Amino acid sequence: MRQVTTHSPEETKAFAAELAAHATPGQIICLDGDLGAGKTVFAQGFAEGLGVPGYVNSPTFTILQVYEGGRLPLYHFDVYRIGDPEEMDEIGWEEYFFGEGVCLIEWSQLIEELIPETAVHVTIEKSREVFDDRLITVE
Ligand code: ADP
Ligand code: MG
């Protein structure tokens, strides 16, 4: 387990970019934390670390956004609005989970039954004292 406290969105991005530098094909990274914790900010930094061109935003209305052009393909899931795990079947989740790229999954706890044991879990928590502080735990 590894824990860091970041004090700004930039620091969260830099931390994510560092993880991205060590990312390997087929890696699954679950991003959990409340609304506004910084999951999408983390994803942006991770994408930058992979050298993905263009801006990464939350794929809230599509569940999945695929980014090519970096060191590895990035499969960015946000399953917040998923109503039924069958929606994951419709997008063909296995192709991505067991593919050549890296999966980042915001709100992964909503599809817990699909998450492999080998997944990395990143939890982002807002500080109660300092507005911009975030405790990031990697397990
Ligand atoms: P989520 O995807 O978890 O719902 P977002 O990443 O969309 O959250 O939003 C996080 C918000 O918190 C952004 O407005 C960002 O600027 C702000 N923020 C403030 N401090 C931090 C920090 N240390 N790390 C990440 N985001 C931060
Ligand atoms: Mg988000």
Side-chain angles (χ1 to χ4, degrees):
M1 188 182 89
R2 191 172 161 202
Q3 275 193 322
V4 296
T5 297
T6 64
H7 310 288
S8 65
E10 291 69 33
E11 278 187 37
T12 295
K13 283 187 196 176
F15 179 72
E18 191 191 314
L19 289 187
H22 299 103
T24 52
Q27 198 165 45
I28 295 177
I29 300 179
C30 297
L31 288 178
D32 294 300
D34 293 340
L35 205 65
K39 300 180 293 299
T40 299
V41 165
F42 182 100
Q44 288 165 351
F46 196 92
E48 280 174 32
L50 285 179
V52 169
Y55 185 72
V56 171
N57 218 328
S58 232
T60 301
F61 298 102
T62 53
I63 301 180
L64 169 66
Q65 198 79 51
V66 176
Y67 296 94
E68 309 270 4
R71 184 173 65 82
L72 296 168
L74 175 63
Y75 310 130
H76 184 195
F77 292 79
D78 186 329
V79 300
Y80 185 63
R81 277 165 211 276
I82 218 161
D84 187 317
E86 273 182 25
E87 288 176 47
M88 288 295 283
D89 292 337
E90 281 161 29
I91 62 167
W93 63 279
E94 284 166 301
E95 185 191 325
Y96 303 101
F97 278 34
F98 306 107
E100 289 302 300
V102 186
C103 291
L104 286 183
I105 310 170
E106 297 193 39
W107 298 101
S108 75
Q109 74 271 23
L110 298 177
I111 54 159
E112 211 173 3
E113 62 274 32
L114 301 183
I115 305 294
E117 291 264 301
T118 50
V120 175
H121 290 265
V122 173
T123 308
I124 309 178
E125 290 166 85
K126 287 189 201 177
S127 161
R128 276 177 220 151
E129 288 91 37
V130 185
F131 192 69
D132 283 345
D133 277 12
R134 300 290 189 274
L135 177 65
I136 304 178
T137 305
V138 181
E139 296 168 281

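Positions are given from 1 along the sequence. Small disclaimer: the values here were computed from a predicted structure and weren't measured.
- Relative ring orientation between Tyr75 and Tyr96 is described as perpendicular, the plane-to-plane angle rising above 60° on a 0-90° scale split at 30° and 60°.
- Ile136 CD1 to Phe42 CZ: the interatomic distance, rounded to the nearest 0.5 Å, is 6.5 Å.
- In this structure, Val102 and Ala23 approach most closely via the heavy-atom pair CG2-CB, 3.9 Å.
- Pro116 is listed as a side-chain neighbour of Ile28, based on a closest heavy-atom distance under 4.5 Å.
- Counting heavy-atom neighbours within 6.0 Å of Glu112 CD, excluding the residue itself, gives a total of 12 or less.
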**Asked** Given the rule in the side chain to side chain contact (heavy atoms under 4.5 Å, CB included) test, do Asp132 and His7 qualify, once you have shown the distances and angles that lead to the verdict?
**Response** CA-CA 5 Å; Asp132 283 345; His7 310 288; 5.9 Å; no
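- With rounding to the nearest 0.5 Å, the separation of CD in Glu106 from CD1 in Ile63 is 12.5 Å.
- Smallest separation of non-hydrogen atoms from Met88 and Val79: SD-CG1, 4.0 Å.
- Considering every non-hydrogen atom in both Glu87 and Arg81, the closest pair reads OE1-O, 4.5 Å.
- At distances below 3.5 Å, at least one donor-acceptor pair connects side-chain atoms of Arg134 with backbone N or O atoms of Ala37.
- Checking side-chain atoms of Lys39 against main-chain N and O of Gly33 turns up a donor-acceptor pair under 3.5 Å.
- Between Tyr67 and Phe46, the gap from one ring centroid to the other reaches at least 6.0 Å.
- Across all non-hydrogen atoms, the minimal contact from Val66 to Glu68 is CG1-OE2, 3.8 Å.
- Side-chain contact check for Cys103 versus Trp93: every heavy-atom pair is 4.5 Å or farther apart.
- Between atom CG of residue Asp34 and atom CD of residue Glu125 there is a gap of 8.5 Å, rounded to the nearest 0.5 Å.
- Nearest heavy atoms, Leu74 versus Ala47: CD2-CB, 3.7 Å.
- In this model, a donor atom of one side chain and an acceptor atom of the other lie less than 3.5 Å apart for Asp32 and Ser108.
- In this structure, Thr12 OG1 and Asp133 CG are separated by 9.5 Å, a value rounded to the nearest 0.5 Å.
- Following chains of ILVMFWY side-chain contacts shorter than 4.5 Å, one cannot reach Val130 starting from Phe15, and the two form parts of different hydrophobic clusters.
- Residues Leu72 and Glu100 are not in side-chain contact: their nearest non-hydrogen atoms beyond the backbone lie 4.5 Å or more apart.
- Residues Leu19 and Arg2 come closest through the heavy atom pair CD2-NH1, 3.9 Å.
- A chain of hydrophobic side-chain contacts below 4.5 Å, direct or via other Ile, Leu, Val, Met, Phe, Trp or Tyr residues, connects Leu35 to Ile105.
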**Message:** Show, in sequence, the C-alpha distance, side-chain angles and deciding distance for Ser127 and Thr5, and conclude whether the side chain to side chain contact (heavy atoms under 4.5 Å, CB included) test is met.
**Reply:** CA-CA 9 Å; Ser127 161; Thr5 297; over 6 Å; no
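- Distance check, rounded to the nearest 0.5 Å: NZ of Lys126 to CG of Leu135 gives 14.0 Å.
- Interatomic distance, OG1 of Thr118 versus CD of Gln27, reported as 9.0 Å (0.5 Å rounding).
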